[in-house]
Amino acid sequence: MTTATMVSWERVIEITKWSQEKKTEAIVWSIEVSSWLNTAGVSLPSVELAHRLVSHICWENNVPVTWKYLEKAMEVRMVPPLLVVALLSTKVVPNRHPLLHPAAYSLYLHLLNRHAFSLSSVVNLPNYPSLMNSIHHVLSLSQLYHHDYPSHPHPGVVLVQFLFTLVWQLLQASLQDEGLLQHHKSLLFVDPGLDLSDNHHQNVNKEALHAKNTATAIQFIARFLHDKVTSRILSLVQRNMSTHWGAFVDELEKLAANSLILRSLKHLSPESFFPLNLKSNWPMSCEPNKKKKMKLSSMLAASASASAVQSHNDSSLWLPIDLILEDAMDAHHVMADTVELLTGLVKALQAINGTAWHNAFLGLWIAALRLVQRERDPSEGPVPRLDTCLCMLLCITTLVVTNLIEEEEGELIEEAERSPTNQRKDKPAMGKRRGELVTSLQLLGDYQDLLNPPQPVIWVANQAAAKAIMFVSGHSGYLEYMNVNDLPTNCSGNLWHLIIEACIARHLIDTSAYFWPGYVGAPCNQLPRSIPNHLPSWSSLMQGSPLTPPLVNALVTTPASSLAEIEKIFEFAINGSDEEKISAATVLCGASLVRGWNVQEHVVFFIIKLLSPLVPTKYSGTENHLISYAPFLNVLLVGISPVDSVHIFSLHGAVPLLAAALMPICEAFGSCVPSVSWTSATGEKLSYHAVFSNAFVLLLRLWRFNHPPVEHVMGGAATPALGSQLGPEYLLLVRNSMIASFGKSPRDRIKSRRISKMISFSSEPVFMDSFPKLNTWYQQHQECLASTRRALVPGGPVLQIVDALLSMMCKKINKSAQSLTSTTSGNSNSSGSSLDDALVKLKVPAWDILEAAPFVLDAALTACAHGRLSPRELATGIHEMEKRVLGLFMAWFRKKTELNCDNGLKDIADFLPASLATIVSYLSAEVTRGVWKPAFMNGTDWPSPAANLSIVEQQIKKILAATGVDVPSLAIDGNAPATLPLPLAAFLSLTITYKLDKSSERFLVLIGPSLIHLSAGCPWPCMPIVGSLWAQKVKRWSDFFVFSASGTVFHHSRDAVVQLLKSCFMSTLGLGSSCIYNNGGVGALLGHGFGSHFLGGISPVAPGILYLRVYRSIRDAMFLTEEIVSLLMLLVRDIASGGLPNGEAHKLKKTKYGMRYGQVSLAASMTRVKHAALLGASFLWISGGTSLIQSLITETLPSWFLSAQGLEQEAGESGVVVAILRGYALACFAVLSGTFAWGIDSSSAASKRRPKVIGIHLEFLANALDRKISLRCDCATWRAYVSGFMSLMVSCTPLWIEELDVGMLKRVSMGLRQLNEDDLALQLLEIRGTSLMGEVAEMISQNGF
């Protein structure tokens, strides 16, 4: 500062002192000072003058006249008012005590009230940036908020921090004045050393003024929190400075709860002081009574609010949960982690529907209950579903709720750790969701129809009810000793009791639930007549009983109830004797796995852990250490092989871990020569080949191995079928990702507390290169699918195995047709020993047999096809030994001996069940090649379906007709012979040869689905023929095969798929031609299960069930996107007119009593449009995953807006309504699809793609709003879409906005303002966070939002 400038400022102070002595009027003083400063060349308002005046007053000249001068200087803008307020806050507030300067504090509050609420004029000042910079330095904001913002922030950011600092300072001052400020480290300028307890020599007037000041400060705090502009600016602190905001809210709560002065105020109360929604979605809409123009985004928000209000009873809002649960019941489809999938889905639906969490929990429970009720009277089939449905209800759903609660509590713990004050760390991490869960469970008890237990679990439900009754009665210790005859008479249990027990077991609620009204009947004093201590049970195990056979049998049939019991049996499996290890493995694979709903997730991971035993410390063998565990591993492999058990592993997301555990077993046992055998506990002779086959077949079932190779080209190379990339490599990548990512999120850290400390998995990544034999087989499998098999090398070891396998296949001819063999081979003496020689040659590793199997199958199928081969055909590259064996096949076909091709295949499969993998892949590839002559299913050479083929055809037509699908090409020519491709006929005959016993089940579940998928891909009527033949073999499965055959229609006809989709929409929405809105809903879409519930035939199948069973085989899923959009647009008009034809709807609008006849309101129409969009988004997500939804956002929707759609345009008001509803429907459809695919947060791996896709779409919106591109759709539709899409993003998916480019958001915001959506434009920028907080604050100040 120059000497001349110093003289000028000294002159200003002299003028002030002189005026002060003369008591000059403030206006005169201001004129004199202004004149002098103008002469000195100082521009006004002056920052330096503000500093000089405040320093002059504090405290040597703290008299009324100087405050008048300061106030006048602020009024005439000689000084920046906000800067003066900032300066005074650092001087006056710490000295407000009655012993110091309470009058100055009173004047400060007056100036604060006058200038802090007039922000618009400040932002428009030319020196606004420099002014904010001065305030930033005066208040040292970079030190106060250095964790949140840089040292040189945007001027608007300083404005936000300045306002927040003033309010927080008033708050801490008021708390300190009433003795409520406990911590001694203030973030602001309140002097923590002020002693408020010394009341000696205090002036009574000053004391009264001090109390008045505190009351005024509290009133000003309330005004800041409720004023339209300041509350909106403070909400930016809530969104972007969460740690400081949390501490601020804590202090607000303390003031509201404990302030005596607040309670004494007439026009302010603790209730009105503290906004109810201060912690979320704040501020609320201000000035509710002010009439303003109703904007489209407001209409959309009102519709969303209406949906939230009715969500308690409207199950359609949670329809996607029903669809996912039902889709997960497909046992042959390997799901992603169902718990994680449902967790993300529930979060998305709760945000989209805007409901309380207890409604979301209730929707989840009810959807799971509906799933179980659909299985009350199911049609029998090869895949049992009841246990997996109960697993979904009582374990998976409970774990989803656990995830949601732990996620919130984990975030609370992290927030407490980041809090700048220690007081928040002392609070227990109990979120609101836990209390909301209790509310939902209490409400669940009112749904009695859904709570009726299926017959097999009635006893378990009664036990749960009896447990509660005995607990309430004080006799809980006796329940274990009670049998069915001893249970109290009033302990009729239902699924509610089982759900409560599942929640208690996972510590979500406590046993106080037993005392809820209506949960149990009257207390019972009935005790067991005697206590039979000799009965074995889990408590016997926990008390130290050895694993005797009676105890093992009891534990196998009774599920464990606690993690401690599972850990105890796991200790036996690790440290026990060989016999105890096998017993423990048997127990773990028993009832605890299938129906141990309270511990099921632990059992799953314990079994996986046991499948990977560690190398013994003193192991010195040369072979793999797994070989010594052969009997133990085989018990585990057989125990988890049933289809429902594997399904349970899939539902728990454990398939990648299970696959990684099975691969070393396959590698080790497949490389061993079967020189050792043993007898299992069931009396079955076992070998290394058997262990390998059990492990290998189980491994194959963990990915889409059984799907035909045609699926690998569905939709073109650019759009591979969903899941076609699943394979061992993919499973290992998922496993590695799971292991690497676990424990990084707050939820995982809480989750780790409930996982047994005895379970740990290696963190080292695993790759296919670690399993060379398996990798070689997998490459051979892929070559087989592509029909590019390698040539057989003459004289090699593979040829010897081929010869041995072919010899074994012909053993029956060798035994019964000596003359025939002699004719063919020229050596009759070799026939008797050929089988023994073959078996000796086949004592080779299983991998070698699998390598040779394709050549054997090729030779066998060729012999079957020709029946008679010429020497030329035999000479084309086939070894002499192959010629001899092919000659055997030719001769057999000519003489029609008892040996069939399928019998030969069965011999190979019986010898090495793992060879079924090769049989499946080879025959599937050969069907796809289409080079084989058809096999005539005439009952002579091949079995005939004639006995029931016509019946199957009629039942298929009934199923399709009931779902609204009309396909005229279904007729089967009764005169034409039934034919199948030869490889398919051989495959079918092979499957029919299997007996339906437990030993064959684990192999049938591999080849059975393969047969169905392969048949479905063949021309009509292959699948009906296959279904007819299997229905002849197992009549009780007839409905299952008819249903499977009916789905084939949709594999070949796009029109049928479109008709089925339309039927799904119409049934869900309740649209019809004769009335306005039928019931519709989930029941109409998914029905009540599938089966022959009616005498005389099959029951109708709900369209949703049918679609969920066929969508995976749609050849080109990409067309679904455009078809769903088209259906959605057509349905909007029906919704707007109440589902009536145009003529009738037009008459309704003219009717005097239109509402009486059902004319619907716009709000009701928007609700149903949202339901339609919800269903469309669900189908799109389920059918094609993220790839289809990405295509929808980036391609389909922009193309739709850019092209003429040919939609029927209606004139008048109704036409505008339909156009608006169409835009709203597309907006809901797009956002819902995105939330399903990518979630509303960043917890899923798929969310990483979201910013790019949404950014591309917003680029399109911005270009259209900037009129850089021209649209051909209706203007009202476009406006509704833009407003709806952005409104849903703002209200439901704010994290999406935080990921987007700032420049892009500014462009879209500007476009929204052009559409008169100013508030929505501001909200869009508000959410973006710190990068736009300053600009948003300036917009709020300028526009007075």
Given side-chain contact (heavy atoms from CB on, under 4.5 Å), test S612 with F761 step by step and report yes or no. CA-CA 9 Å; S612 303; F761 295 100; over 6 Å; no
By side-chain hydrogen bond (donor to acceptor under 3.5 Å, both in side chains), which residues pair with [X], not counting sequence neighbours?
X     : value
S737  : none
N624  : none
T1194 : none
W1030 : T991

Rounded to the nearest 0.5 Å, how far apart are [atom1] of [X] and [atom2] of [Y]?
X     : Y     : atom1 : atom2 : result
L1004 : S1010 : CG    : OG    : 11.0 Å
L984  : M937  : CG    : CE    : 8.0 Å
I608  : L636  : CD1   : CG    : 11.0 Å
K906  : D910  : NZ    : CG    : 3.5 Å
I1114 : L1120 : CD1   : CG    : 4.5 Å
I1007 : L1014 : CD1   : CG    : 12.0 Å

Mind checking whether [X] and [Y] have side chains closer than 4.5 Å, heavy atoms only?
X     : Y    : result
P384  : P642 : no
H689  : I849 : yes
L637  : L662 : yes
I739  : V766 : no
I640  : I648 : no
C589  : V635 : no
L857  : L923 : no
W1181 : I324 : yes

Give me the atom names and distance for the closest heavy-atom approach of [X] to [Y].
X     : Y     : answer
K933  : L982  : O-CB, 3.4 Å
R1002 : V697  : O-CG1, 3.5 Å
L988  : L980  : CD2-CD1, 3.7 Å
C666  : L699  : SG-CD2, 4.1 Å
L633  : L626  : CD1-O, 3.8 Å
V1026 : S1015 : CG2-OG, 3.3 Å

Side-chain donor/acceptor of [X] to backbone N/O of [Y], under 3.5 Å:
X     : Y     : result
Q1190 : V1253 : no
T928  : S924  : yes
T993  : L990  : yes
S1191 : S1187 : no
S770  : F767  : yes
S671  : E667  : yes

I want to check a possible cation-pi pair here: R1109 against F1043, using under 6.0 Å from ring centre and within 45° of the ring axis as the test.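 Geometry flag: not set, cation outside 6.0 Å or 45°.
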Can the ring centroids of Y994 and F1003 be said to lie less than 6.0 angstrom from one another?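 Distance test on ring centres: not under 6.0 Å, no.
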Check step by step if salt bridge (Lys or Arg N to Asp or Glu O under 4.0 Å) holds for R385 and E326. CA-CA 11 Å; R385 286 173 33 120; E326 187 62 49; 2.9 Å; yes
Would you sort out whether E729 and L733 count as a side-chain contact (heavy atoms from CB on, under 4.5 Å), showing the intermediate values? CA-CA 6 Å; E729 297 166 320; L733 290 176; 5.6 Å; no
Apply side-chain contact (heavy atoms from CB on, under 4.5 Å) to [X] and list each qualifying residue two or more places apart in sequence or on a separate chain.
X     : value
S693  : L912, P913, A914
E623  : Y619, I627
A1246 : T1186, W1238, S1244
V734  : P656, Y730, M738

Mind checking salt bridge (Lys or Arg N to Asp or Glu O under 4.0 Å) for R735 and listing every partner two or more places apart, or none if nothing turns up?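 R735 satisfies salt bridge (Lys or Arg N to Asp or Glu O under 4.0 Å) with no other residue.
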With sequence neighbours left out, what residues match R1249 under salt bridge (Lys or Arg N to Asp or Glu O under 4.0 Å)?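 Partners of R1249 under the salt bridge (Lys or Arg N to Asp or Glu O under 4.0 Å) test: none.
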Would the number of heavy atoms belonging to other residues, nucleotides or ligands and lying under 6.0 Å from CD of E1001 be above 12?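 Yes, enclosed.
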Tell me whether the count of non-hydrogen atoms from other residues, nucleotides or ligands lying under 6.0 Å of NZ in K1252 goes above 12.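 Open: at most 12 neighbouring heavy atoms sit under 6.0 Å from NZ of K1252.
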Would you call the rings of W1037 and F1041 parallel, tilted or perpendicular if under 30° counts as parallel and over 60° as perpendicular?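 Plane angle between 30° and 60°, so tilted.
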Mind jotting down which residue pairs meet the side-chain hydrogen bond (donor to acceptor under 3.5 Å, both in side chains) criterion with at least one end in residues 634-645? Sequence neighbours excluded, please.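 For residues 634-645, and leaving out neighbouring residues, the side-chain hydrogen bond (donor to acceptor under 3.5 Å, both in side chains) pairs sorted by first residue read N634-N694.
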L799 vs D803, test: side-chain contact (heavy atoms from CB on, under 4.5 Å). Steps then yes/no. CA-CA 6 Å; L799 180 59; D803 175 40; 5.6 Å; no
Trace of the side-chain contact (heavy atoms from CB on, under 4.5 Å) decision for T918 with W777: CA-CA 10 Å; T918 303; W777 171 86; 4.2 Å; yes
Could you pull out all residues at least two apart from W847 that satisfy ring pair (Phe, Tyr, Trp, His ring centres under 6.0 Å)?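 Checked W847 against ring pair (Phe, Tyr, Trp, His ring centres under 6.0 Å); matches are F692, F696.
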